[in-house]
Each structure stands twice: as C-alpha cells, then as structure tokens.
Protein chains: 2
Amino acid sequence: MHAAALTYFRETAKRGSVRRAAAALNVSASALNRQILNLEEELGTALFDRLPGGMRLTAAGELLLQHVVGTLVEFDRVRSRIDDLRAARTGHVGLSAVDSLLVDFLPRALDRFRADFPAVTYALDAANPADVPRLVADGTYDLGFTFVGPTPPSLRFEHEVPAPIGVVMPSDHPLRQKREVSFDDVAPYPFLAQAGPLPRSADVDAGFARFRSGLRPRLVSNSIQALKTAIRLNMGIAFFTRLGFLEEIERGEVAWRPFDSPAINALRIGLLVPANRPPTAPARQLAARLVEEMGRLDSA
Amino acid sequence: MHAAALTYFRETAKRGSVRRAAAALNVSASALNRQILNLEEELGTALFDRLPGGMRLTAAGELLLQHVVGTLVEFDRVRSRIDDLRAARTGHVGLSAVDSLLVDFLPRALDRFRADFPAVTYALDAANPADVPRLVADGTYDLGFTFVGPTPPSLRFEHEVPAPIGVVMPSDHPLRQKREVSFDDVAPYPFLAQAGPLPRSADVDAGFARFRSGLRPRLVSNSIQALKTAIRLNMGIAFFTRLGFLEEIERGEVAWRPFDSPAINALRIGLLVPANRPPTAPARQLAARLVEEMGRLDSA
DNA sequence: CAACGCCATGCCCAATCTCCATCGCACGTT
DNA sequence: AACGTGCGATGGAGATTGGGCATGGCGTTG
C-alpha cells in the first residue's frame with residue numbers, strides 16, 4: 001500500500017546507516033540506497049549528509065521523516081480499524097430500547113448501518129425504561145437505549161442526548177403558538193396513546209405519570225404509523241420525545257413543543273453498554289455508529 | 001514518493017468511477033482498477049461497493065480514504081516546506097542584536113543553522129537596544145534582537161523570551177546564597193564591564209542605568225572570553241542576561257542571580273522581523289529556527 | 001433485443017526494483 | 001606507510017511490477 005521507500009527511509013534515518021537499515025529490513029543495501037537516492041532526486045534536495053560513519057538527516061530530511069513516520073503510524077491505526085470492521089462483518093447484535101427510539105431513530109440508523117454490514121442480524125426490541133439496564137447487564141441484549149439515570153457498575157452510558165418528552169401536534173394546532181406548554185394547556189385536547197405489547201412503563205417523571213394517567217385517550221394504537229397519521233389528520237395530540245418524529249418535524253407535517261417542566265426537559269436518553277464484558281465486534285461497530293448518529297442529532 | 005495507488009484510490013472515490021478517475025489521471029482504466037483490486041486484497045476487505053452506475057465507498061473505504069487524503073495533503077505541505085528550504089540554501093542574512101545575545105546564544109544558534117545551510121553568509125552585528133528597530137525597519141538588517149517595547153507598525157516581535165539582567169559571579173561567590181540581589185548587595189564587590197566598539201547603550205531601566213554609572217569597573221574589556229575567564233578567576237562580578245552564560249551556568253562554572261527589581265525582571269528580549277517587507281528565503285528559515293531555539297530556552 | 005455504460009481479466013511489453021559484485025573513500029590499526 | 005574495515009555509490013543481469021490494449025461478463029436503458 002505505502003511505497004517501500006517510506007519504510008526504507010524511516011529505517012535508514014533511525015539507524016543512521018544504509019547497510020544497517022538494509023540488514024534490519026532484509027533487503028540489499030544497494031536496493032535501499034537507490035530508493036533513497038531516488039527520493040532525493042524527486043525532492044530536489046539532499047535528505048542525508050553522508051559522513052564517514054554513516055548518514056545523518058539534513059533539515060529537509062527531518063521534515064520528511066516527520067511526515068513519513070506520521071503516515072506509517074497512522075496507517076497502522078487505520079489498518080487495525082479496518083481489521084475490526086472485517087471481524088464485525090458477520091454476527092448478531094441485540095438492542096433493547098425505550099419505544100420512542102423504535103419509532104424513527106433506531107430503524108433508520110440500523111438501516112444505514114446494514115448497508116455496511118449486510119451479514120449482521122439484529123434483534124431490536126422495545127422495553128420499559130427501567131428494565132433496559134438489567135437486560136443489557138445480564139447479556140440478553142448487547143446494547144440498550146434508555147433514559148439516563150444511575151447505573152450499576154457493570155454498565156456505562158457511552159453517549160447521551162437531551163430527550164425531553166413533549167407534545168406532538170398537527171402543524172396548524174393552536175398549541176403551536178406557545179414555546180412551552182403546561183399540563184393544563186394540553187388537558188382540553190384529545191389525546192392519542194401508544195399501546196405496545198409491553199405493560200405501560202413506570203414513567204420517568206412522577207408528576208408527568210400522574211398527569212397522564214388522568215387523561216382518557218381518544219385513540220389507542222400499537223401502530224406508530226397509525227398514530228402519526230392520526231396526528232396529521234388532527235385527531236389529537238400525543239406525547240413523545242422529539243426523536244420519534246425528526247423527519248416529520250423537518251418536513252413541517254407535525255410540530256413538537258416541550259412541556260414547561262424542568263424535570264421533564266432535563267431528560268436525556270443514553271446508549272447503554274456493558275462496562276466489563278467485552279462487546280462483540282459487530283456490537284462495537286454499531287455502538288460507534290450510533291454515537292455518531294446521536295452526535296448528528298445533537299447538532300440538529 | 002507516495003505509491004500511485006493512493007492517488008488512484010482517491011480519484012476513484014472522488015469520481016465514483018474507475019473509468020472517470022482513469023480519464024482524469026491519464027492512465028488506463030484497467031491499470032487503475034488493478035491497483036484498487038490489489039489494495040482490497042492487501043487489506044483483506046472490499047473498499048468499494050460495485051453498483052451498476054459505478055463505485056461507492058464501503059465503511060472500510062471511507063476509513064482508508066480519510067487516511068489517504070490526509071497523507072497526500074500533508075505531503076504537499078511538506079514538499080512545499082522542503083522547496084522553501086531549498087530556496088533558502090544560498091543567500092545572506094543580516095542580524096542586528098543587543099550584545100548579550102552575541103555572547104553565547106546567537107553564535108551557537110547560527111553555528112547549528114549553518115550546518116543545514118552551508119552556503120548562506122551572515123552579518124551578525126551588535127547594536128544599542130534602541131537602535132535595533134530602526135536598523136531592521138530600514139532594511140539594513142533582516143532580523144533583530146532587542147528588548148521588547150513599543151514598535152513602529154512596520155515591525156513585529158515574532159517571539160519573545162524573558163531576559164532579566166542579573167549578576168554573573170563565580171560559583172563560590174557569597175552572593176550566590178541570595179535568591180535575588182539588590183543594588184546595595186553588589187556595590188561592595190569588584191565589577192567587570194564590557195566595552196564593545198559601541199557607545200555604551202542607553203540603558204533599558206533608568207534606575208539600573210543610574211546605579212551602574214556610579215560603579216567603577218575593576219576591569220573593562222571588549223573580549224567576552226576575557227570577561228568570562230575573569231569571572232571564573234574571581235576577579236569580580238558582571239551584569240548580563242542569563243542568555244549570555246547558559247553553558248557556563250549549566251556546567252556550574254559561574255552562577256547567575258536576578259536583581260530584586262521588578263522592572264528589570266520583567267525585561268524580555270524578542271526577535272524583531274519586518275511586518276510588511278517579505279523576508280528573504282534564508283531569513284525566513286533562520287527566523288523559524290531562532291524561534292525554535294528560543295522555545296528551548298524558555299523551557300530550560 | 002440491441003446498445004451502452006460499468007468493472008474484471010488475459011496478454012504482452014516496458015519500466016522499475018532487487019540483487020550481487022565491485023568501486024572509491026575515510027578511518028583506525030599495525 | 002601499508003593494510004583492513006567500515007561506509008555509500010554504481011554497473012549489470014534477472015525478477016517483479018505496472019501499464020496499455022483488447023476482450024469478457026453483467027446490469028441498465030432505450
């Protein structure tokens with residue numbers, strides 16, 4: 001990949017002698033010497049001073065050496081990262097996440113990841129926020145996404161993004177005028193609830209849980225697509241993290257407004273990884289990619 | 001210098017097609033394609049996805065591309081710096097400096113520089129601190145060293161080092177016990193003065209000038225070597241910047257102690273370069289080297 | 001179905017790289 | 001003063017690599 005001349009030059013600079021460098025690299029001194037003479041001709045300047053005892057770098061040589069060493073070291077790093085990729089080409093990754101991320105963020109991230117690792121299989125399951133840590137800790141899943149909170153020592157949040165729960169509404173809804181909405185603001189409006197195969201989660205914020213349990217949903221569905229359409233058709237509003245509707249918000253089809261509760265607005269979702277158990281190769285790659293995608297969310 | 005494969009790979013990634021890249025680089029598509037296949041074999045992984053319309057980088061390819069682009073860009077920079085060196089191989093540099101730097105720092109720095117630029121000639125002249133800026137500004141000299149102070153807009157201090165004037169004494173001198181010495185402390189001791197071909201400089205600190213003018217030197221010499229020896233032989237003490245005696249201090253032959261005057265201890269010497277007029281190639285190289293050597297002083 | 005774009009491959013020649021042997025030079029030893 | 005030993009530089013033969021040309025296989029497009 002990199003020209004042999006680079007290695008030759010580096011070794012010669014290191015050992016201060018063409019012959020010693022040649023011995024170290026198992027090539028003949030003449031071959032090595034020619035490469036260095038070629039380099040000097042190409043750059044139009046001497047790279048070494050020829051002293052009776054051997055070769056010493058000139059100023060230009062020092063400059064070039066820095067570049068060459070840097071290049072070769074960096075290449076080693078790149079190669080080992082590529083080897084990691086190769087090891088991760090096949091395998092299985094299990095992901096346990098709170099449902100808001102299953103709506104939009106995770107399916108899309110996985111789809112993009114799949115393009116690079118077509119032979120990897122996935123399990124992508126929703127779970128209650130409080131259950132995710134246990135599922136990752138005991139190895140049922142490789143990675144988890146849940147609201148950030150205290151973790152057992154066997155787990156660690158690899159990366160976090162702010163993820164307040166707010167109100168998702170049609171783009172012409174009156175609540176859109178407010179920058180933040182209170183529980184009282186939303187009470188009058190019809191409400192759409194998601195009902196998955198899971199028991200309803202013990203909620204992250206006690207006040208919010210109490211508030212929502214008092215509401216009577218106009219529509220309950222376990223189909224996210226149905227809920228999205230229902231919101232667009234003005235059947236009601238729903239409560240989700242922004243992350244579930246990034247694309248629709250972007251296109252102006254729905255609007256999202258935060259609550260006026262500091263506790264809710266401080267909510268963060270994090271990528272949970274095992275701290276002790278070494279992750280499988282594909283899990284490591286996927287985790288790295290997810291952190292990247294989360295960074296993109298952050299800046300958006 | 002760098003393998004052609006790097007350029008081939010970069011161009012192919014850029015254009016998304018072997019044929020287009022080959023056309024842009026004036027080589028045949030088959031030759032270029034082979035190099036890429038070789039790369040993939042060497043790394044043991046595909047770098048491109050072959051789509052009907054052309055080539056798209058895989059994850060491993062993205063990784064490698066970063067490395068390759070970085071390497072080639074950096075090489076361009078290195079090459080141009082080497083070209084600068086070559087342009088500076090010959091020529092002349094004029095340096096005007098306060099005398100303390102002529103004692104030790106500048107001759108040694110120039111000697112090291114000369115090893116890399118043997119064909120450059122130098123003028124190295126002492127001047128009064130107050131005259132240096134004018135001499136550099138009007139082009140009489142390319143570079144200057146003087147005490148830092150206000151400069152005309154046509155000049156600029158490229159780099160500065162602290163350079164308080166202090167007392168140079170034999171290593172077993174009683175004043176050595178003090179961390180800082182006062183004017184009164186030194187008054188009882190015999191004093192050695194340097195007298196160059198220059199009129200005695202208008203001194204940098206008014207209080208110090210007054211103090212020194214009251215002293216009667218036991219020995220006046222224009223030979224620095226003579227002064228150094230005289231100090232070692234305990235004939236007296238002298239007033240210099242540390243920079244004039246770095247080597248002797250290091251070897252323990254003489255000691256140096258600062259005065260207790262904040263004004264004197266705040267003194268700095270700086271490398272003065274023209275801000276408008278572009279410096280000659282050798283002057284630019286020498287200036288860069290001098291800044292490097294000054295940095296070494298700083299940390300010493 | 002034909003035409004066109006793409007990358008992959010076989011073949012041949014030219015350029016490059018490597019090796020071995022040798023040279024000239026500067027030093028230290030005898 | 002002569003010699004031996006280390007150094008880099010160089011010449012020539014042979015192996016390796018890189019390049020160009022022609023062609024093949026494949027998918028898309030008209």
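Everything numeric here is computed off the predicted structure, so don't read it as measured data.
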query = Between A:Val161 and A:Glu293, is any pair of side-chain heavy atoms under 4.5 Å apart?
reply = no

message = Can you confirm whether A:Asp104 sits close enough to A:Phe245 that some side-chain heavy atom of one is under 4.5 Å from a side-chain heavy atom of the other?
response = no

query = Of all the choices, D:dG8, C:dT9, D:dG19, which nucleotide is nearest to the side chain of B:Gln35 once you look at every atom?
reply = D:dG19

Pairwise 5' ranking along DNA chain C for A:Asn38 and B:Val18, keeping only the more 5' one =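 Whichever sits nearer the 5' end wins; that is B:Val18.
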
ask   = Nearest nucleotide by nearest heavy atom, which residue falls closer to the 5' end of DNA chain D, B:Ala31 or A:Leu37?
value =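 It is A:Leu37, whose closest nucleotide lies nearer the 5' terminus.
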
task = Show your working on side chain to side chain contact (heavy atoms under 4.5 Å, CB included) between A:Arg242 and A:Val168 and close with a plain yes or no.
result = CA-CA 8 Å; A:Arg242 269 183 62 228; A:Val168 184; over 6 Å; no

Categorize [X] for me: base, sugar-phosphate, or nothing, with a 4.0 angstrom heavy-atom threshold over every strand shown.
{"X": "B:Phe48", "result": "nothing"}
{"X": "A:Arg50", "result": "sugar-phosphate"}
{"X": "B:Leu51", "result": "nothing"}
{"X": "A:Leu32", "result": "nothing"}

query = Angle class for the A:Phe113/A:Tyr122 ring planes (parallel below 30°, perpendicular above 60°, tilted otherwise)?
reply =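 Judged by the thresholds at 30° and 60°, the geometry between A:Phe113 and A:Tyr122 is perpendicular.
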
ask   = A:His67 vs B:His2 aromatic rings, parallel, tilted or perpendicular, using cut-offs 30° and 60°?
value = perpendicular

Under 3.5 Å, is there any donor-acceptor pair linking the side chain of [X] to the base of [N]?
{"X": "B:Arg19", "N": "C:dG5", "value": "no"}
{"X": "B:Ser30", "N": "C:dC7", "value": "no"}
{"X": "B:Arg34", "N": "C:dG10", "value": "yes"}

Produce the list of close N/O pairs, under 3.5 Å, pairing protein atoms with atoms of nucleotides 25-30 of chain C; give distances to one decimal.
none

ask   = Between the axis at one end of the helix from C:dC1-D:dG30 to C:dT30-D:dA1 and the axis at the other (five pairs apiece), what's the angle to 10 degrees?
value =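 Here the helix ends are tilted 10° relative to one another.
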
ask   = Rounded to the Å, how far apart are A:Asn33 CG and D:dG11 C1'?
value = 13 Å

Minimum-distance pair of heavy atoms, taken over all atoms of A:Val18 and A:Ala29 =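 Minimum heavy-atom separation between A:Val18 and A:Ala29: CG1-O, 3.5 Å.
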
Listed pairs under 3.5 Å, donor-acceptor, residues 84-98 of chain B side chains, sequence neighbours left out:
residue	atom	partner	partner atom	Å
B:Arg86	NH2	B:Asp83	OD1	3.1
B:His92	ND1	B:Thr121	O	3.4
B:His92	ND1	B:Thr121	OG1	2.6

inquiry  = To the closest 0.5 Å, what do you measure between CD (A:Glu250) and CG (A:Leu246)?
reply    = 8.5 Å

